[in-house]
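Only this structure's heavy atoms are used, side chains among them; waters, hydrogens and symmetry mates stay out. Since the structure is predicted, the reported quantities are computational estimates derived from the model, not experimental observations. Just so it is clear: chains get the letters A, B, ... in the order the sequence lines come, proteins before strands, and each one is counted from 1.
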Amino acid sequence: MATSSAVTANYVLKPPPFALDALEPHMSKQTLEFHWGKHHRAYVDNLKKQVLGTELEGKPLEHIIHSTYNNGELLPAFNNAAQAWNHEFFWESMKPGGGGKPTGELLALLERDFTSYEKFYEEFNAAAATQFGAGWAWLAYANDKLKVVKTPNAVNPLVLGSFPLLTIDVWEHAYYLDFQNRRPDYIKTFMTNLVSWEAVSARLEAAKAASSSSS
Amino acid sequence: MTTTVIIIIFLAIFATSLHNARGATMEPCLESMKTASLPDLPYAYDALEPAISEEIMRLHHQKHHQTYVTQYNKALNSLRSAMADGDHSSVVKLQSLIKFNGGGHVNHAIFWKNLAPIHEGGGKPPHDPLSSAIDAHFGSLEGLIQKMNAEGAAVQGSGWVWFGLDRELKRLVVETTANQDPLVTKGSHLVPLIGIDVWEHAYYPQYKNARAEYLKNIWTVINWKYASDVFEKHTRDLDIN
């Protein structure tokens, strides 16, 4: 069966922007091998199968996410589509030698909207720790304001009308091999050692540009 | 004289109930609350191998289930205070914590009884009347297992797959619930016979992403005797075949 490259090119399993062992000891190579190599890969592969021969085939990933979100009445392809997007966004939210406090305009905005970096950290940590079951915690941008959001399963801020800037995966598969049940330790390690504030800043610039061009 | 005795007895009972009430509240309107506690496993941590590893059983029981118990008791205490204060908005706000952690406790307490070591009957198929009822509703035991596995594999995120008895409609059902929602959230007349935890913590250290493999193997340690006992208890007064 012939499939055009345009179809498959939309849903690609991009490797993370670092080697699978590059986040050690904070996130193990074994975790990345399974999380990217099995879980993320399965979302991409299953999405391709799911949209083949339907009107969604060949559509950009974000289009599929929006239409299958269907105002909360999720259609079958939503889970795979959103999870494919979320995981790529997650890898790009991290870097070796990351974490700690941001600087510059991003820090200024965090201080403006949360009163301090510490308050932002508290809120982000609480969101990640209290999301029941599977889901994600996010820093997002909407209406010229930064906010923390937590979402269940595959839901992301795109479908809630805001620009995602940073995410942490709190599905158990994201941390179980390294932290077992200790989700709070995983969140702390992520914030202290893994967050790529450069990526967050770049996304913020893009979000501001997109906001002003549409207003 | 008799009236005095009655009053003294009443006061003694009243004082005892105050003494038994946990916490510092002296609200006689609230009954003393029995908090939840972690039940012991009815078998050793390694007794379900190779289907479920000792590592998983330890983490699952001593960490996950224990945390549900601890958080549930904490929420109950907060609820007691909110009720005592007439703080209705807090009472309502606490419901999701109670449902999640209480559900986690209830579900896992059933789950440990749903499992048994092979040498204690784990995996041994059910006898009548449950066996005939399964055949009538699912064609065969294999048919039921296949349906459970398909629905369990399809749960997105965290949840449970249940084999249950619908007391009202007098039939057997397969249902799934999200997160720690107990089976009754799908219908108050539903009685759980077998529940299988498909949260990733239930299988990840051993099976990683291969949930289907976990589901396939768990049937070797499913305690059909427990399911039969519950089924018989609830169908004694029903006319079910």
Side-chain angles (χ1 to χ4, degrees), chain A residues 28-47 50 68-69 74-84 86-87 126 129-136 150-156 169-186, chain B residues 53-72 74-75 93-104 107-108 153-160 176-182 185 197-214:
Chain A
S28 67
K29 177 182 179 197
Q30 194 195 27
T31 289
L32 263 310
E33 281 173 341
F34 280 100
H35 200 176
W36 174 77
K38 303 278 184 185
H39 291 272
H40 186 178
R41 187 185 302 277
Y43 290 126
V44 173
D45 289 349
N46 290 332
L47 174 66
Q50 216 167 12
T68 57
Y69 181 69
L74 309 183
L75 298 176
F78 178 76
N79 192 59
N80 288 319
Q83 285 292 80
N86 296 340
H87 281 85
T130 61
Q131 176 54 43
F132 289 162
W136 304 75
K150 64 183 181 186
T151 58
N153 296 344
V155 178
N156 64 31
D169 188 348
V170 292
W171 283 62
E172 285 177 324
H173 65 238
Y175 58 90
Y176 215 83
L177 294 178
D178 296 338
F179 295 92
Q180 294 78 59
N181 62 304
R182 292 169 290 121
R183 194 196 283 189
D185 289 347
Y186 159 66
Chain B
S53 69
E54 178 181 354
E55 182 191 6
I56 287 180
M57 291 308 293
R58 282 189 186 278
L59 284 167
H60 207 171
H61 182 247
Q62 292 176 351
K63 304 288 180 185
H64 292 276
H65 189 174
Q66 179 64 72
T67 299
Y68 289 126
V69 168
T70 305
Q71 295 304 317
Y72 174 56
K74 203 166 138 200
K93 199 168 152 206
L94 282 162
Q95 297 311 305
S96 70
L97 273 175
I98 288 171
K99 181 182 176 191
F100 180 64
N101 291 297
N107 291 339
H108 285 85
V155 169
Q156 283 167 12
S158 308
W160 291 73
T176 60
T177 57
N179 296 334
Q180 292 301 347
D181 294 356
T185 58
D197 191 347
V198 293
W199 279 63
E200 287 171 329
H201 66 238
Y203 58 89
Y204 213 82
Q206 185 178 355
Y207 293 94
K208 313 293 191 294
N209 61 308
R211 189 194 285 181
E213 194 65 22
Y214 156 72

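- At a 4.5 Å heavy-atom cutoff, the contact between A:N153 and chain B is made by side-chain atoms alone.
- With a 4.5 Å cut-off on non-hydrogen atoms, A:E33 does not touch chain B at all.
- The side-chain heavy atoms of A:Q131 and A:W136, taken from C-beta on, include no pair separated by under 4.5 Å.
- Per-residue heavy-atom pair counts under 4.5 Å with chain A were compared for B:K208, B:E200, B:H64, and the maximum is reached by B:E200.
- Looking at B:N209, both its backbone and its side chain come within 4.5 Å of chain A, counting heavy atoms on both sides.
- Every residue was checked against the ring pair (Phe, Tyr, Trp, His ring centres under 6.0 Å) condition with A:F34, not counting sequence neighbours, and none meets it.
- Only the side chain of A:Y176 comes within contact range of chain B, with at least one heavy atom under 4.5 Å from a heavy atom of that chain.
- Remark: side-chain polar atoms of A:R41 are paired, donor with acceptor, to backbone N or O of A:G37 under 3.5 angstrom.
- One N or O on the side chain of B:N107 and one on the backbone of B:Q180 form a donor-acceptor pair closer than 3.5 Å.
- Counting heavy-atom pairs under 4.5 Å between each of A:K38, A:H39, A:H173, A:Q180 and chain B puts A:H173 at the top.
- When the ring pair (Phe, Tyr, Trp, His ring centres under 6.0 Å) test is applied to A:F78, the partners found at least two apart in sequence or on another chain are A:Y69.
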